[in-house]
Amino acid sequence: MSLTFHWFLPTNGDSRHVVGGGHGTPATETGRDRPPTVGYLSQIARAAEDLGFVGALTPTGAWCEDAWLTTAMVSQRTERLKFLVAFRPGFVSPTLAAQMASTFQRQTGGRLLLNVVTGGESHEQRAYGDFLDKDARYRRTGEFLAIVRELWAGKTVDLHGEHLQVEDARLARVPEPVPQVYFGGSSPIAGEIAARHADVYLTWGEPPAQVAEKIAWIRALAAREGRAVRFGIRLHVITRDTSEQAWAEANRLLAGFDAETVASVQAGLARSESEGQRRMLALHGGGSRDRLEIHPNLWAGIGLVRGGAGTALVGSHDEVAERIQEYAALGIEEFVLSGYPHLEEAYWFGEGVLPRLQARGVWQHPLGRPTAPSAQVPFADAGRP
């Protein structure tokens, strides 16, 4: 089995510093250092597909550009890279979403993956006209995915559910292939919906023991539904030729977090309804800069100023490869990664870690290209593109 790696398109802007935002908090000023233009995002996407990443995640929310529109444009400047498009089921009808996905597949040659985000912040959902509470949103997501999957199977759908109703719904053309559904969530109802509908369950980068518990939880729920689910993890990465260089970079990023910004972001995230966000905050104690290495090479510093995924793998290329194999041993098959800035960090990981994983027999370039570990990644020291 070959592990699968995805990169990230920073549609909230990019920087040599951490760009904060997400889960109800706005993008920080650093997001203006490199605006998320189609040209810049296409640079990242082309680098990712050349290095051997299979796909690229795009976020969703008021803090970033729209994922559907952005990836549709970037897809025309790339050849192979898939797009893991994050979207919220409550903002579009299931029939239209199924049609959009089908169109995307035809126009890109089958390069769409879907990251279903139910939405953990009621105040942000209300800004979009969605006034359901969290549990109701998850129940609606279940109805939404049930409709979409039936439509993708070429069926005519009539459903009068608790939250959604469609009559005589059908697609003129079904998608080929049917997009894989990625889904995350740490609350009990999130687990139920994932077990019924997800192809890949995504967890944020918690320590291995906690990730193992999540995997066992979802596997058991999926087994009750007569299903099997694959598992992925969302992490940032800071990987360098030596461990000392990697930690120096982590400390440089940390030095850029002023106390006022950290306090403001943490206050905002503390109001989050997301169980996953609560677990992220617990890793660093709600803003503490002490003991941020919560497992060997797993650093919780990103979560001081950013909502959502708040941990990074930090270390030499060999150390990061070892941590990836540690997660893989638990059952993680897919890794959704990012790093600041995203163009340079893609090369650090792609030329430093991926060849080492290939040499260990756990990863193969999608195009079958042989790669050799690079002793140095000079591109990453280049100036702003």
Side-chain angles (χ1 to χ4, degrees), residues 3-10 13-19 30 33-34 40-57 81 205 233-256 293 296-302 306 309-328 334-360 362-366 369-385:
L3 299 178
T4 299
F5 292 90
H6 306 279
W7 197 240
F8 184 84
L9 291 183
D14 204 3
S15 176
R16 293 184 180 274
H17 302 278
V18 175
V19 180
T30 49
D33 293 353
R34 297 186 189 178
Y40 178 62
L41 296 175
S42 296
Q43 278 187 281
I44 298 172
R46 287 194 298 268
E49 70 178 0
D50 186 60
L51 290 164
F53 292 94
V54 168
L57 172 67
L81 192 72
I233 193 167
R234 172 79 180 93
L235 287 157
H236 304 275
V237 287
I238 304 172
T239 177
R240 295 293 185 270
D241 298 327
T242 69
S243 182
E244 292 76 14
Q245 291 170 344
W247 284 108
E249 176 64 10
N251 288 328
R252 183 191 69 80
L253 293 175
L254 184 62
E293 189 178 7
N297 305 109
L298 184 63
W299 185 61
I302 302 292
R306 185 192 191 279
T311 54
L313 295 179
V314 181
S316 69
H317 305 313
D318 284 314
E319 288 172 333
V320 171
E322 289 167 5
R323 294 289 78 74
I324 286 172
Q325 289 191 269
E326 183 177 5
Y327 282 112
E334 303 199 19
F335 294 79
V336 183
L337 307 175
S338 56
Y340 301 97
H342 290 76
L343 181 60
E344 289 92 87
E345 208 65 44
Y347 279 92
W348 276 115
F349 186 87
E351 295 182 344
V353 178
L354 287 181
R356 286 165 167 80
L357 293 172
Q358 187 174 44
R360 299 177 187 197
V362 298
W363 176 79
Q364 291 293 323
H365 193 289
R369 295 175 183 169
T371 59
S374 176
Q376 189 175 16
V377 190
F379 183 91
D381 289 325
R384 174 178 170 175

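Positions are given from 1 along the sequence. These numbers come from the heavy atoms of this one structure, side chains and all, not from hydrogens, waters or symmetry mates.
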With sequence neighbours excluded, what pairs up with [X] under the side chain to side chain contact (heavy atoms under 4.5 Å, CB included) test?
X      : answer
Gln325 : Leu357, Arg360, Val362
Thr30  : Ser15, His17, Val19, Thr28, Asp33
Ala48  : Trp7, Phe53, Leu81
Glu249 : Ile238, Arg240, Arg252, Leu253

Between atom [atom1] of [X] and atom [atom2] of [Y], what is the distance when rounded to the nearest 0.5 Å?
X      : Y      : atom1 : atom2 : answer
Leu354 : Ile324 : CG    : CD1   : 7.5 Å
Leu235 : Trp299 : CG    : CH2   : 13.0 Å
Glu319 : Thr239 : CD    : OG1   : 8.5 Å
Phe8   : Glu345 : CZ    : CD    : 14.0 Å

Quiz item: By salt bridge (charged side-chain N to carboxylate O under 4.0 Å, His left out), which residues pair with Glu326, not counting sequence neighbours?
Solution: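 Expected list: Arg323.
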
Exercise. Scan residues 43-54 for pairs that pass salt bridge (charged side-chain N to carboxylate O under 4.0 Å, His left out), counting only residues two or more places apart or in two chains.
Key: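 Found Asp50-Arg369.
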
Are side-chain heavy atoms of [X] and [Y] found at a separation under 4.5 Å?
X      : Y      : result
Arg306 : His236 : yes
Asp318 : Ser316 : yes
Ile44  : Leu9   : yes
Arg34  : His342 : no

Quiz prompt | Residues Asp14 and Tyr340: side-chain donor-acceptor under 3.5 angstrom | solution =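 Per modelled atom types, Asp14 and Tyr340 side chains form no pair under 3.5 Å.
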
Quiz item: Any chance the side chains of Arg234 and Ser338 put a donor and an acceptor closer than 3.5 Å?
Solution: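 Arg234 vs Ser338: donor-acceptor pair found between side chains.
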
Exercise. Would you mind telling me which of Val320, Leu51, Leu313 makes a side chain to side chain contact (heavy atoms under 4.5 Å, CB included) with Phe349?
Key: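 One option only clears the test, and that one is Val320.
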
Quiz item: Does the ring center of His6 lie less than 6.0 Å from the ring center of Phe335?
Solution: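 No, the ring centres sit 6.0 Å or more apart.
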
